[in-house]
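Everything below concerns the one structure shown next.
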Amino acid sequence: MKGLKPSLLALCVAGAPPAAMAEIQMLDEAAMGNITGQAGVTIELETKVNIDRFIYTDEGSLEVNDIFVGGGNRNDYFSELGFNLTGQAPSDLIDNLRINVDIAADGDAIINILPMAFGAVDFTVKTGAWNLVSSTTADSTTILDNFQMDALIGSGTIRIDTATDKLNFKTDFAIDDMDFDVPFLAIGIRDFQLTGADYDLSAPQPLDLFASVDMDIYKAPNNAGVDSLAVDLQSFNADIRIGGVLIGGTSIGSVAMDNLAITNTSMLIYGH
C-alpha cells in the first residue's frame, strides 16, 4: 500500500461496517513470524551467451575470444545408448532447466538444478583463440584455439551451510565430445569423452553415464595467515577416452584412462 495515504486508509477503515470490523484481528510479531512461504522459488531458464572477448589483465593480458555458451543443437549425445538423452528437440539454447531455491529451517540455502522434463540438460561451450599478450611489445602467444565442448548435466546441488560457512557443490555430468588445439606446442586433442567410472561402452547403461563431482568452497587462511579462497575436492571418479592426439597435425594414436579417481584434494587461491 505504498501509494495509499494514511488519511485515506483511516477513512476506509472508519467506513467499514461493524460486522466486517469484527473479523479483523491484529497480529502480534510472533503470529506474523509464522506467516512464511513454504514452497521456495522455482526458476525455469532458457538462455545462451555470446561474448566477443574476455580480457584478464595483470601486467600483460590473457584474451579469450569468441565465447559461446548455449545448447548443443543436437540430440545424438552418446548415440551408443540408442535414444535422445535430452528428450528435447535440438536447440542452441540451454533449456529444459529448472532451478529450485529453498531456505531450510536451519538457515541453509539449497539450490537444486534439475531438468524440467525427463532427460539431461545439454550445453555447449565454444571459444576462439586464447592469447597471451604483452603490454610492452607486440608479442603474443596463442595457447589454445578452436575449443568446443558438448556436455550433459544430470543434476546439480549448491548448498550454503550456516553451521560451517561452506558452500558445497555437487553435480553429475558427462562430456560427449571435446576438441581443442594448443598451437604453440603443435598439439591437438580430438574426440575427448568423459563418463562415469562404471560406464561400459560395450554394454552402455544411462544410469552409469554421469561422473560425479563433490566439492566444498569456503574461506581459510594460507601459510601466511591471510584469508584465502579454499577449494576441497572430496571426490571425482570418471573414465576418460581421447580419440586422437595430434602432433604437428597428425594423429599419433588414442588414449584411455579407466577408473580415474581424484580424492582428498585441497587448494588455496589468493593474490600475490
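In what follows, residues are counted from 1 in the order of the sequence shown. Model, not experiment: these values are computed from the prediction.
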Inset, instruction - Mind running side chain to side chain contact (heavy atoms under 4.5 Å, CB included) on I242 and D191 for me, showing each step along the way? - result: CA-CA 6 Å; I242 302 174; D191 304 325; over 6 Å; no
Legend entry - Candidate pair M215 and V231, rule side chain to side chain contact (heavy atoms under 4.5 Å, CB included), full reasoning: CA-CA 7 Å; M215 67 174 66; V231 180; 4.2 Å; yes
Legend entry - side chain to side chain donor-acceptor pair (under 3.5 Å) between D92 and N73, intermediate numbers included: CA-CA 5 Å; D92 65 352; N73 204 22; over 6 Å; no
Inset, instruction - Evaluate side chain to side chain contact (heavy atoms under 4.5 Å, CB included) for I187 paired with L246, printing each intermediate quantity in order. - result: CA-CA 5 Å; I187 293 175; L246 278 60; over 6 Å; no
Inset, instruction - Just do the side chain to side chain contact (heavy atoms under 4.5 Å, CB included) check on Q148 and T127 with the steps written out, would you? - result: CA-CA 7 Å; Q148 177 164 337; T127 74; over 6 Å; no
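Side-chain atoms of L167 and I158, non-hydrogen and from C-beta on, do get closer than 4.5 Å to each other. Side-chain contact between L260 and F236 is present, with at least one heavy-atom pair separated by less than 4.5 Å. Within the 4.5 Å cutoff, no side-chain heavy atoms of R98 are placed close to those of I113. At least one side-chain heavy atom of D239 sits less than 4.5 Å from a side-chain heavy atom of N259. Side-chain contact check for Q234 versus D216: some heavy-atom pair is nearer than 4.5 Å. Side-chain atoms of F78 and L209, non-hydrogen and from C-beta on, do get closer than 4.5 Å to each other. Inter-residue side-chain proximity for R241 and L201 is flagged as met; some heavy-atom pair is nearer than 4.5 Å. Taking 4.5 Å as the limit, every side-chain heavy atom of L97 sits out of range of all side-chain heavy atoms of M116.
Remark: side-chain polar atoms of T265 are paired, donor with acceptor, to backbone N or O of T263 under 3.5 angstrom. The closest donor-acceptor contact from the side chain of T162 to the backbone of D106 lies under 3.5 Å. Formation of a donor-acceptor pair under 3.5 Å by the N131 side chain with backbone atoms of V133 is not found in this model. In terms of modelled atom types and a separation under 3.5 Å, the side chain of S228 and the main chain of V226 share a donor-acceptor contact. D200 places a side-chain N or O within 3.5 Å of a backbone atom of S202 that can act as its donor or acceptor partner. For S91 (side chain) and L93 (main-chain N/O), a donor-acceptor pair under 3.5 Å exists by modelled atom type. In terms of modelled atom types and a separation under 3.5 Å, the side chain of S61 and the main chain of E63 share no donor-acceptor contact.
Within a 6.0 Å radius of NZ in K170, no more than 12 heavy atoms belonging to other residues, nucleotides or ligands are found. Counting non-hydrogen atoms of other residues, nucleotides and ligands closer than 6.0 Å to CD of E80 gives a total above 12. No more than 12 heavy-atom neighbours from other residues, nucleotides or ligands sit within 6.0 angstrom of CG on D52. Open room surrounds CG on N223; 12 or fewer heavy atoms of other groups in view lie less than 6.0 Å from it.
P115 approaches G119 most closely through the heavy-atom pair CG-O, 2.9 Å. Annotation for L45 and I99: closest pair CD2-CD1, 4.4 Å, computed over non-hydrogen atoms. Counting all heavy atoms, side chain and backbone alike, G244 lies closest to S251 at CA-OG, 4.0 Å. Counting all heavy atoms, side chain and backbone alike, A224 lies closest to N222 at N-OD1, 2.9 Å. Considering every non-hydrogen atom in both D258 and A197, the closest pair reads OD1-O, 4.4 Å. Nearest heavy-atom pair, G154 versus F210, reported as atom, atom and distance to 0.1 Å: N-CE2, 3.6 Å.
Within the model, atoms CG of L233 and CZ of F169 stand 11.5 Å from one another, a figure rounded to the nearest 0.5 Å. Taking CG of L62 as the reference point, atom OH of Y56 lies at 9.0 Å (rounded to 0.5 Å). Interatomic distance, CD1 of I160 versus CG of D108, reported as 9.0 Å (0.5 Å rounding). Note that the CG atom of N65 and the OG1 atom of T142 stand 8.5 Å from one another [nearest 0.5 Å]. Distance check, rounded to the nearest 0.5 Å: CG of D122 to CG of N84 gives 8.5 Å. In this structure, CG in L85 is found 10.0 Å from OG in S79, a value given to the nearest 0.5 Å.
Of the residues L152, V121, L194, T195, the one that meets the side-chain contact (heavy atoms from CB on, under 4.5 Å) test with F173 is L194. With N112 as the fixed residue, the side-chain hydrogen bond (donor to acceptor under 3.5 Å, both in side chains) test singles out one of D102, N100, T157: T157. Between Y218 and the choices D232, D165, N168, the side-chain hydrogen bond (donor to acceptor under 3.5 Å, both in side chains) rule is met once, by D232.
The closest side-chain donor-acceptor pair between S155 and D172 falls under 3.5 angstrom. N75 and Q88 share no side-chain donor-acceptor pair at under 3.5 Å. Side-chain N/O atoms of Y199 and Q193 include no donor and acceptor closer than 3.5 Å.
Note on L144 and V245: same hydrophobic cluster, where clusters join Ile, Leu, Val, Met, Phe, Trp and Tyr whose side-chain heavy atoms are under 4.5 Å apart, directly or indirectly. Taken together through direct or relayed side-chain contacts under 4.5 Å among Ile, Leu, Val, Met, Phe, Trp and Tyr, V69 and I51 form part of one hydrophobic cluster. Grouping the Ile, Leu, Val, Met, Phe, Trp and Tyr side chains by contacts below 4.5 angstrom, directly or via other members, places F68 apart from W130. In terms of hydrophobic clustering, with Ile, Leu, Val, Met, Phe, Trp and Tyr side chains grouped at heavy-atom distances under 4.5 Å, M178 and I189 are assigned to a common cluster. Cluster membership check: F180 shares its hydrophobic cluster with V255, using side-chain heavy-atom separations under 4.5 Å among Ile, Leu, Val, Met, Phe, Trp and Tyr.
Taking the ring axis of F192 as reference, the NZ or CZ atom of R190 does not stay both within 45° of it and closer than 6.0 Å to the ring centre.
R53 and D66 are not joined by a salt bridge, as no carboxylate oxygen comes within less than 4.0 angstrom of a charged side-chain nitrogen. Remark: K48 does not engage D95 in a salt bridge, criterion side-chain N to carboxylate O under 4.0 Å.
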